[in-house]
Every structure is written in C-alpha cells, then in structure tokens.
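Presented below is the structure to which this report refers.
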There are 2 protein chains.
Amino acid sequence: MALFLSRYEGRIDRKGRVLVPAPFRAAVADQRFGGVVCYPSPVELAIEGCDLARIELLANSIDSLNPFSAENGAFATTILGKSHQLAFDPEGRVSLPEALVAFAGIAGAMWFVGLGKTFRIWSPERLAAYEREAEKLARNEAGRLALRPQGVAT
Amino acid sequence: MALFLSRYEGRIDRKGRVLVPAPFRAAVADQRFGGVVCYPSPVELAIEGCDLARIELLANSIDSLNPFSAENGAFATTILGKSHQLAFDPEGRVSLPEALVAFAGIAGAMWFVGLGKTFRIWSPERLAAYEREAEKLARNEAGRLALRPQGVAT
DNA sequence: CATTTTTCCCCATGATATCCCATTTCATCC
DNA sequence: GGATGAAATGGGATATCATGGGGAAAAATG
C-alpha cells in the first residue's frame with residue numbers, strides 16, 4: 001500500500017485541474033488504478049485521499065459487518081458514497097469534484113499533507129489553524145504511541 | 001467483485017429508461033452479465049443494486065442456512081424473489097420495474113449512491129432525510145470500524 | 001392467426017471531460 | 001555558471017458520455 005509523506009502546495013487551474021505532487025503520484029504508481037480516491041474527511045474540514053487498495057480494504061471491512069445492518073449503511077453512505085475515484089491525466093493532474101472543494105473551503109491554493117497511508121488536502125487557512133492544535137496534542141500524547149511490528153502486511 | 005463509489009443523479013426519461021452512471025457501468029463491465037441486479041432494500045425505502053456475482057454469493061449464503069428454516073424462506077422471498085436482472089441497452093440504460101420505483105417513492109429524479117459492494121437508488125427527499133441520521137450514526141460508531149486485512153478475498 | 005402493445009436496437013445531436021502538445025519553470029549535474 | 005532533463009502549466013483538439021426519438025422485432029392479447 002502507498003506511503004504519503006511530506007507536504008506540497010497545490011493550485012486549481014482555470015479548467016478545474018489540480019496537479020498531484022509527483023511524490024504522491026509515485027507512491028501509487030505501481031497500482032492497478034493510476035490515480036487516487038478522495039472523500040470528505042469524517043473528522044476535519046479537509047479532503048482526505050488514499051489509494052484504491054485502501055478503499056477496497058475499507059469496503060471489505062464494512063461489508064464484513066452484517067451486510068444489511070444500519071452501521072453498514074451509515075458508514076458506506078457517508079464515506080464510500082462520497083468518495084471519488086480520481087484518475088490522473090497524462091500530466092498527473094486530477095479534477096477535484098466541486099463538492100469536495102466546497103467542503104474543504106478551498107479557493108485556488110491548497111496544501112497536500114502526507115499522513116502515511118492517507119493524505120489530506122487543506123485550505124491554507126484551515127491547515128494553519130489545525131496545526132496549532134495538532135502540535136499541542138502530539139506533544140502531550142507522544143509518549144503513548146507504540147510502534148507495533150506488523151504481522152499481516154497490507 | 002465490482003466496487004461502487006460516489007454518487008450520481010439519475011432521471012427517468014419519458015420512455016421509462018434510466019441511464020446508469022458510467023462509473024457504475026464500468027464497475028460491472030468485466031462480468032459475465034452486462035448489467036446489474038436490483039431489489040428492494042430490506043432495511044431502507046430505497047432500491048438496492050449490485051452485480052450478479054454478489055447475488056450469487058447471497059444465494060449461496062442463504063442456501064447454507066437450514067434449507068427449510070423460516071429465515072431461509074424469508075430472505076429468499078424478500079430479496080431473491082424481488083430481484084430483477086436489469087440488462088443495459090447499448091447506451092447504458094435500464095428500465096426500472098414499476099414495483100421498485102414505487103417502493104422507493106421515485107418520481108422522475110433519483111440518486112445513485114455507491115456503497116462499495118452494492119449501491120442504492122434513492123428518491124432525493126428520502127436520501128436527504130436518511131443522510132442526516134446516517135452521519136450521526138457514523139460519527140458515533142466510527143471508532144468501532146477497524147480496517148481488517150482480508151483473509152478471503154471476493 | 002391477426003392485431004396491438006411493448007421492448008429493444010439504432011442513430012443523431014449537444015455537452016463535457018480527456019487527451020495531446022507546446023511552452024515554461026525548476027532542480028541537478030557537469 | 002551554463003547545460004540538461006524532469007516536472008509543471010496552459011490551451012486547442014478530440015473522444016466519450018448523456019439525451020431524445022424513430023422504427024423494427026418480439027411478446028402479449030383477443
């Protein structure tokens with residue numbers, strides 16, 4: 001599965017296209033699907049993205065609940081139902097759906113922030129505000145994070 | 001098995017046809033049957049759809065219950081007995097059976113919502129109402145959803 | 001078996017998204 | 001510091017998708 005690191009500035013051109021940072025493209029280059037999947041973050045006012053394999057994993061995890069349970073429907077509708085499979089054009093650009101751009105409050109500029117298995121796309125203002133809080137939290141909680149060897153890789 | 005993501009608006013034309021969103025058609029393009037299977041959702045007032053392979057999986061699951069149990073008959077009658085195999089016309093349209101349209105309360109416009117292995121077709125009003133509840137539920141239960149590596153792929 | 005009705009195939013048109021190429025910018029190496 | 005290659009940007013051309021409707025084949029009906 002892909003690994004997204006570091007951060008890069010992005011910009012919407014006048015045709016609605018956004019160049020995905022080259023290192024993020026390289027992270028998904030060896031996959032069946034040449035592109036990324038984006039959806040509104042369930043916890044922040046930002047777009048979240050990952051590779052298709054992770055979304056398939058999520059779909060399988062949801063499906064392994066009772067297929068007709070209320071939780072199943074709720075998760076699937078709020079995440080999978082708002083996901084967009086975005087293919088790269090030959091130059092590595094995608095067109096971000098209007099709904100996601102509006103959700104994240106993006107107008108022109110944006111930041112791609114790598115989070116490992118996923119990444120987020122933030123409006124510059126919201127990222128700045130978020131980071132002030134995130135740094136405090138990370139400093140306080142850093143002692144709790146355990147590195148756990150992976151038995152099953154994905 | 002097919003993966004259905006995102007959401008798309010649909011519409012019944014004056015000949016009773018509905019264009020299935022191109023990405024949903026692509027999701028089932030490599031299957032034996034060029035089309036989808038639709039049935040009334042057992043839990044919501046919406047049409048539910050999937051590819052033929054999933055219905056076969058469901059039929060097998062039901063069959064592995066006691067063949068003469070009450071549950072067996074109930075599932076089979078309410079889902080399999082009300083399923084319709086809908087083939088695409090050359091333009092990718094299907095004609096939704098009147099019974100399903102009436103069940104979902106659809107009159108003209110509708111929304112196709114991807115749920116991963118399946119999708120739902122909602123009347124706009126009912127989808128809006130459902131989503132208000134679904135988002136609450138998803139937020140409350142989000143911590144419970146673990147990404148689980150898949151032992152058995154489908 | 002004839003007639004009516006329905007279904008499905010086929011084509012035309014318009015809108016949209018994608019591809020493709022030209023140009024510019026940036027980073028790296030010599 | 002100049003040269004080279006990769007990456008980014010912009011915009012015209014093209015293919016794909018959506019939509020509407022005529023007409024033939026199949027099915028249902030009397």
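To find a chain, count down the sequence lines: A is the first, B the second, and so on, and within it residues start at 1.
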Could you list the protein-to-nucleotides 21-27 of chain C atom pairs, N/O on both sides, closer than 3.5 Å?
| residue | atom | partner | partner atom | Å |
| --- | --- | --- | --- | --- |
| C/dC21 | N4 | A/E91 | OE2 | 2.8 |

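The side chain of A/R25 places no N or O atom within less than 4.0 Å of a non-bridging phosphate oxygen (OP1 or OP2) of D/dA6. The phosphate of C/dA17 has neither OP1 nor OP2 within less than 4.0 Å of any side-chain N or O from A/S95.
Judged by distance alone, with hydrogens and angles left aside, the side-chain atoms of A/N60 form a donor-acceptor pair with the main-chain N or O of A/E56 at under 3.5 Å. No side-chain donor-acceptor contact under 3.5 Å links B/R54 to the backbone of B/M1. A side-chain donor-acceptor contact under 3.5 Å links A/R126 to the backbone of A/A104. Between the side chain of A/R120 and the main chain of A/V113, no donor-acceptor pair closer than 3.5 Å is present.
End-to-end axis angle for the helix from C/dC1-D/dG30 to C/dC30-D/dG1, using five pairs per end and rounding to 10°, comes out at 40°.
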Can you give the donor-acceptor pairs under 3.5 Å from side chains of residues 92-100 of chain B to other protein atoms, not counting sequence neighbours?
| residue | atom | partner | partner atom | Å |
| --- | --- | --- | --- | --- |
| B/R93 | NE | B/D89 | OD2 | 3.1 |
| B/R93 | NH2 | B/E91 | OE1 | 3.1 |

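Side-chain atoms of B/P23 and B/Y8, non-hydrogen and from C-beta on, do get closer than 4.5 Å to each other. Using a 4.5 Å heavy-atom threshold, the side chains of A/D51 and A/R32 count as separate. Side chains of B/W122 and B/R7 form no contact here, defined as non-hydrogen atoms less than 4.5 Å apart.
Rounded to an integer number of Å, the gap from CZ of A/F24 to C1' of D/dA8 is 17 Å. Rounding to whole angstrom units, CG of residue B/D89 and P of D/dG21 are separated by 15 Å. Separating the CG atom of A/L19 from the C1' atom of D/dA7 is a distance of 8 Å, rounded to the nearest angstrom.
By the ring-ring contact (aromatic ring centres under 6.0 Å, His included) test, A/F119 is found to be paired with A/F4, A/F24, residues two or more places apart in sequence or in another chain being considered. For A/K136, the salt bridge (Lys or Arg N to Asp or Glu O under 4.0 Å) partners are A/E133, not counting sequence neighbours.
Near DNA chain C, defined here as any heavy-atom distance below 4.0 Å, the residues from residues 2-17 of chain B are B/K15, B/R17, listed numerically.
How far CD1 of A/I121 is from OG of A/S41: 11.5 Å, rounded to the nearest 0.5 Å.
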